[in-house]
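In what follows, chains carry the letters A, B, and so on, assigned in the order in which the sequence lines appear, proteins first and then strands, with residues in each chain numbered from 1. This one's a predicted model, so the numbers in the text were calculated from it and none came from an experiment.
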2 protein chains.
Amino acid sequence: MTTQSIAGPFQPGHNHKACVRDAMNIAEQLCQSKDLRLTKIRKRVLELVWAGHEPATAYQLLKKLRAEKENAEPPTVYRALDFLVEHNLVHRIESLNAFIGCDHPESEHVSQFLICSHCNQVAELDDSVTINHAVSEEAKRLGFKVSNQTVEIMGLCAACQ
Amino acid sequence: MTTQSIAGPFQPGHNHKACVRDAMNIAEQLCQSKDLRLTKIRKRVLELVWAGHEPATAYQLLKKLRAEKENAEPPTVYRALDFLVEHNLVHRIESLNAFIGCDHPESEHVSQFLICSHCNQVAELDDSVTINHAVSEEAKRLGFKVSNQTVEIMGLCAACQ
DNA sequence: AAAAATTTTGTTATATTATAACATAATAAT
DNA sequence: ATTATTATGTTATAATATAACAAAATTTTT
Ligand SMILES: [Zn+2]
Ligand SMILES: [Zn+2]
Ligand SMILES: [Zn+2]
Ligand SMILES: [Zn+2]
């Protein structure tokens, strides 16, 4: 698979069709290589998450899912999201109670986001060494052992300023 | 007022009584100086938040409040929390849907937390230049203008490792 | 001090987010 | 084929948060 999309939504010339296609291909590959079951429901929820770069809430996803699968209920979507989040195919944005697709689930990473409060688009920082290093430094000073982190930066993207 | 408590809960020799007393004194002073109304309810909710260094959920606070004020309802506590959060007397921890007292509301700052997943205690980093700088750097690279941030670091505190 | 305006609190109802529990179906392993 | 495991279906409910309007308290203006 070739990557024809341009990195984040805040980059000019973003090709979203290619972006989604890449994401789905990567997901298929990842699940195959790790022997995970990307079932029909999980795959469809992932596609729905990738509908845009605005994070989607579970109930927004449920509504869309119901349009094509009338017996979908909250557990249907929460279970799919649990799976997708567990395997880094989707990240949860804590400050929004919402979910966003990850475009590099295959590389182990912590997630860090830029969230535009005007257009609501979210970009994931690509494994920021800078922030990770700073976080480690601060933690070390207090003898704290980091296992996970939530870094969500709110503000205005270049286009919205 | 003198500060007799030791900085964070992860510091040995933390004197929590002094910690709470200091926090309440600072709150009183801040509200006086800014002409804010620290009403009976707001003050009591702040005290309840400061009961410990474990973040409290709104409904945990409500339960405690009800023990002494039987007509307390969700809006009672959410409104008080709105006020307290607005004026930095309390911070919301997004990843926990919970609230924690701030010991330096008078200095303008972004909040960043270390959250121990074993003892559940939370320490606020004291205006980490390191992390803030890293965040600005990353944001600048994408032409993103930061207005706010959520930095919540999960792991084990020194005592719990 | 009285009246008016503003802010806070009381109260009821409801919206939003998320999970528990147990049954059935599908898939994988033996 | 049988058994075990995983995923989904289904109903109910828990947990978090806000809307809307009335009453009370406080502050400001007259
Ligand atoms: Zn895209
Ligand atoms: Zn990611
Ligand atoms: Zn303390
Ligand atoms: Zn603070």
Taking for each residue the nucleotide of DNA chain D bearing the nearest heavy atom, is the 5' side occupied by B:D35 or by B:A98? B:A98
Ignoring hydrogens and geometry beyond distance, is a side-chain donor-acceptor pair present between B:N88 and B:E108 at under 3.5 Å? no
Nearest-nucleotide check on DNA chain C, B:P75 vs A:L96; residue mapping nearer the 5' end is B:P75
Answer yes if the side chains of A:H109 and A:E124 hold a donor-acceptor pair under 3.5 Å, and no otherwise. yes
Without decimals, in angstroms, what is the distance between B:F83 CZ and C:dT9 C1'? 14 Å
Length of the line joining B:E94:CD and C:dT17:P, which is rounded to integer Å: 13 Å
Check every atom of C:dT9, C:dA18, D:dA17 against the side chain of B:R42 and return the nucleotide holding the closest atom. C:dT9
Using OP1 and OP2 only, check whether a side-chain N or O of B:R79 sits under 4.0 Å from C:dT11. no
Heavy atoms from C-beta onward define the side chain here; which of D:dA17, C:dT19, D:dG9 lies closest to that of A:N71? D:dG9
Rounded interatomic separation in angstrom, taking NZ from B:K40 and C1' from C:dT7: 18 Å
Taken to the nearest whole Å, NZ/B:K63 to P/D:dA14 is 14 Å
Name the closest nucleotide to the A:Y78 side chain, picking from D:dA20, D:dT8, C:dT17. C:dT17
Would you check if the side chain of A:E152 reaches a backbone N or O of A:E94 as a donor-acceptor pair within less than 3.5 Å? yes
salt_bridge(A:K140, A:E138) N-O dist < 4.0 Å: no
The residue, B:T39 or A:N97, whose nearest nucleotide of DNA chain C is more 5′ is B:T39
Does the side chain of A:N15 come under 3.5 Å of the side chain of A:K17 through a donor N or O and an acceptor N or O? no
Under a plain distance cut-off of 3.5 Å, with no hydrogens placed, do A:Q112 and A:Q149 share a side-chain donor-acceptor pair? yes
Whole-Å distance, A:L36 CG to D:dT5 P, equals 19 Å
How many whole angstroms separate atom CG of B:L62 from atom C1' of C:dG10? 14 Å
Report yes if a side-chain nitrogen or oxygen of A:K69 is closer than 4.0 Å to either non-bridging phosphate oxygen (OP1 or OP2) of D:dG9; otherwise report no. yes
Nearest listed nucleotide, side chain of B:F99, among C:dA28, D:dA17, C:dT17: D:dA17
What is the distance from CG of B:L38 to P of C:dT8, rounded to the nearest Å? 11 Å
Using a cut-off of less than 4.0 Å, is there contact between a side-chain N or O of A:R92 and OP1 or OP2 of C:dA18? yes
Atom-to-atom span, CG of B:D82 to C1' of D:dT18 - whole angstrom: 10 Å
From D:dT8, D:dA17, C:dA18, pick the nucleotide closest to the side chain of A:P74? C:dA18
Consider the side chain of B:R37, meaning its heavy atoms from C-beta on, and name the nucleotide among C:dT9, C:dT12, D:dT27 that approaches it most closely. D:dT27
Polar side-chain contact B:Y59-D:dA14 base: donor and acceptor under 3.5 Å: no
Between C:dT8, C:dC22, D:dT11, spot the one nearest the side chain of A:E73, thanks. D:dT11
